[in-house]
Amino acid sequence: MKHLILGAVSTAALLLAGSGFAQNVTTINQQGSNNSASADQSNGSNELTQINQISSSNIATVTQGGVNDEAFIDQDTDGAYTASTATVTQIGQNGTFQVAQHGYNAAVATQGANSVGETGYISQTGYNPGVGALLQQNGFGNSGWIIQTGNFNISTVTQNGSGGYAGPLVETAIDGTLNADNFGFRQGGGSQQIGSYNTSIIDQEGSAGMAVTEATGVGNYQNILQGAASNQATAFHIAVGDYNTGEITQAQGPSFSGNTVFGSSNIITVFQNGASTSLIGQGTHVDAVGIGVDEGTPVSYASATVTQTGDGHASTIEQFSSATATVVQISFPETAGDTSKITQGAGAVWSQATVNPYGSAGFSYIDQEGVADVASLTQEQGSGNEGSSIVQTGQSDTASVDQSGNQEASNVAQTGYSNSVTVNQSGYNNGSDIIQTGDWNTATVMQKGAGASSTITQAGSGNSAIVKQ
């Protein structure tokens, strides 16, 4: 595993190597408790500030306002001291800061509304609750990273401004996940937490932003909010461990989100508005290209919920475990053509897949390979020209389809024994096709409306078929 902090340290080294070109240089070294260090370089360019403090309850403050400014704060380098604070304020162009803290500390950094192309790094080890690490960027093309190692840490990144950054936001923090360069020009916010019961929040309001959170441990919470002004946003969650929870909200489309999960009882919830795409892989990696195959990593009792409103959505969920998946798509106009695909892999027991598309001219797929799986698909009244496909290859599976529009099509295929399927269609020119291979299966079709067609094919013993038109 390669951590984000490697990128931050190497960048800092390069900046220090070039510091001979700085007009003003400030260096402050302090050892002991209750010290205070302040540097104000708000009127020049190519400024450099370096503050090093060792011991507890120290305060470091840096203010810079020029072009190509650099600030470095290192507190409690031996990792034994606590309760220090670092504050960095930059308003300029192409400035960079790095804050490194060890212990029970707080870091607050702001790159203001007139900032362009600014970059910020905060790294913390230990126990940093409360403020923890807070990075605020309010300009054009700014990017920020927060890396925390320990338990009960809090990481917050807020960005208001347009994109324009094309850099290594996450340098493949976990092998095979993603690299931000695949997504074009982006203002970027990243958070990586290694430990348990940590909280990570990224709030972006500018256009073409990208946010990535990575959590390794138990009981972590990740939240990405890309608000009404964040058109064409990209968001990724990566979670490795158990009982982690992730939320992604993209309030303006078109947007793109991805989620990678390994572990037990992890939860992801996605909300998107407007011609958006969601990719969720629980038990596999997800990147800009798509979702990978089952990697054999233990994953169980995963949960994924996707809600998409607007037009022309696409949702893909692949779960290689006993899992629950729910997709709700509400399209305006109704001819938008949403698509939904849920795959729940072999070896799972009692997996559940639920799809509720309210749009029109779309298609929904559910593919389940486990035992005692449940598939439920609803296409509401007012829709039309919808299609659905459910494939179940285990035993004791249950499938239900409810279509209430016109010219709807339903296909259900079950392989195994003791399976059941129920199809309800109301409207005209609807069609149902059911294939069951195995013993003791049941199929029921209820069709209300003119021009309906139903075909049931069963191969095996003790099967039952009922059609009512």
To the nearest 0.5 Å, how far apart are [atom1] in [X] and [atom2] in [Y]?
| X | Y | atom1 | atom2 | value |
| --- | --- | --- | --- | --- |
| M210 | Q204 | CE | CD | 9.5 Å |
| I28 | I73 | CD1 | CD1 | 9.5 Å |
| T398 | I390 | OG1 | CD1 | 10.5 Å |
| E47 | N24 | CD | CG | 4.0 Å |
| S303 | Q319 | OG | CD | 7.5 Å |
| T199 | N220 | OG1 | CG | 8.0 Å |

Kindly say whether [Y] contributes a backbone atom to a donor-acceptor pair with the side chain of [X] at under 3.5 angstrom?
| X | Y | result |
| --- | --- | --- |
| D397 | D373 | yes |
| Q282 | V299 | no |
| N223 | I201 | no |
| Q93 | G117 | no |
| Q414 | S420 | yes |
| N58 | S84 | no |
| N128 | N105 | yes |
| N68 | S45 | no |
| Q53 | I59 | yes |
| T284 | G292 | yes |

With a 4.5 Å cut-off on side-chain heavy atoms, are [Y] and [X] touching?
| X | Y | result |
| --- | --- | --- |
| V62 | F72 | no |
| S265 | Y301 | yes |
| T26 | Q41 | yes |
| Q226 | I224 | yes |
| Y121 | V99 | no |
| S364 | I366 | no |
| I248 | F236 | no |

Considering all heavy atoms of both residues, which atom of [X] and which atom of [Y] are nearest to each other, and what is their separation?
| X | Y | answer |
| --- | --- | --- |
| A314 | Q308 | O-NE2, 3.1 Å |
| G32 | N35 | O-ND2, 3.0 Å |
| Q64 | A71 | OE1-CB, 3.6 Å |
| S155 | Q148 | CB-OE1, 3.3 Å |
| I342 | A353 | CG2-CB, 3.9 Å |
| S200 | Q193 | CB-OE1, 3.5 Å |

Assess the side chains of [X] and [Y]: does a donor N or O sit below 3.5 Å from an acceptor N or O?
| X | Y | answer |
| --- | --- | --- |
| E205 | N160 | no |
| Q250 | S255 | yes |
| T125 | T149 | no |
| T393 | T415 | no |
| T260 | H285 | no |
| S55 | S33 | yes |
| N52 | D74 | no |
| T354 | S376 | no |
| Q272 | S278 | no |
| E118 | N142 | no |

Positive for side-chain hydrogen bond (donor to acceptor under 3.5 Å, both in side chains) with Q222, one of N244, N259, T213, N198 |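 The side-chain hydrogen bond (donor to acceptor under 3.5 Å, both in side chains) with Q222 is passed solely by T213 among N244, N259, T213, N198.
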In a check of side-chain hydrogen bond (donor to acceptor under 3.5 Å, both in side chains) between Q111 and each of Q136, Q159, Q137, which one passes?
->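 The residue from Q136, Q159, Q137 that satisfies side-chain hydrogen bond (donor to acceptor under 3.5 Å, both in side chains) with Q111 turns out to be Q137.
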Start with the C-alpha gap between Q98 and T96, add the side-chain angles, then the distance that decides, and say whether side chain to side chain contact (heavy atoms under 4.5 Å, CB included) holds.
-> CA-CA 7 Å; Q98 178 171 311; T96 298; 5.9 Å; no
Checking [X] now: which residues fulfil ring-ring contact (aromatic ring centres under 6.0 Å, His included) with it, not counting sequence neighbours?
| X | value |
| --- | --- |
| Y243 | none |
| Y104 | Y127 |
| Y365 | F363 |

Side chain to side chain donor-acceptor pair (under 3.5 Å) evaluation trace for T89 with T63 | CA-CA 5 Å; T89 302; T63 301; 4.8 Å; no
Is Y221 atom OH crowded by more than 12 heavy atoms from other residues, nucleotides or ligands, each under 6.0 Å away?
->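 Yes, because the 6.0 Å sphere around OH of Y221 holds more than 12 heavy atoms from other groups.
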Whether over 12 other heavy atoms sit under 6.0 Å from D40 CG |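 Counting neighbours around CG of D40, more than 12 heavy atoms of other residues, nucleotides or ligands fall under 6.0 Å, so yes.
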Testing T309, V328, V306 for side-chain contact (heavy atoms from CB on, under 4.5 Å) with F271, which one passes?
->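 Running side-chain contact (heavy atoms from CB on, under 4.5 Å) over T309, V328, V306 with F271 returns exactly one hit, T309.
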Test side chain to side chain contact (heavy atoms under 4.5 Å, CB included) on I268 and H237 and set out the steps.
-> CA-CA 9 Å; I268 177 65; H237 278 323; 3.5 Å; yes
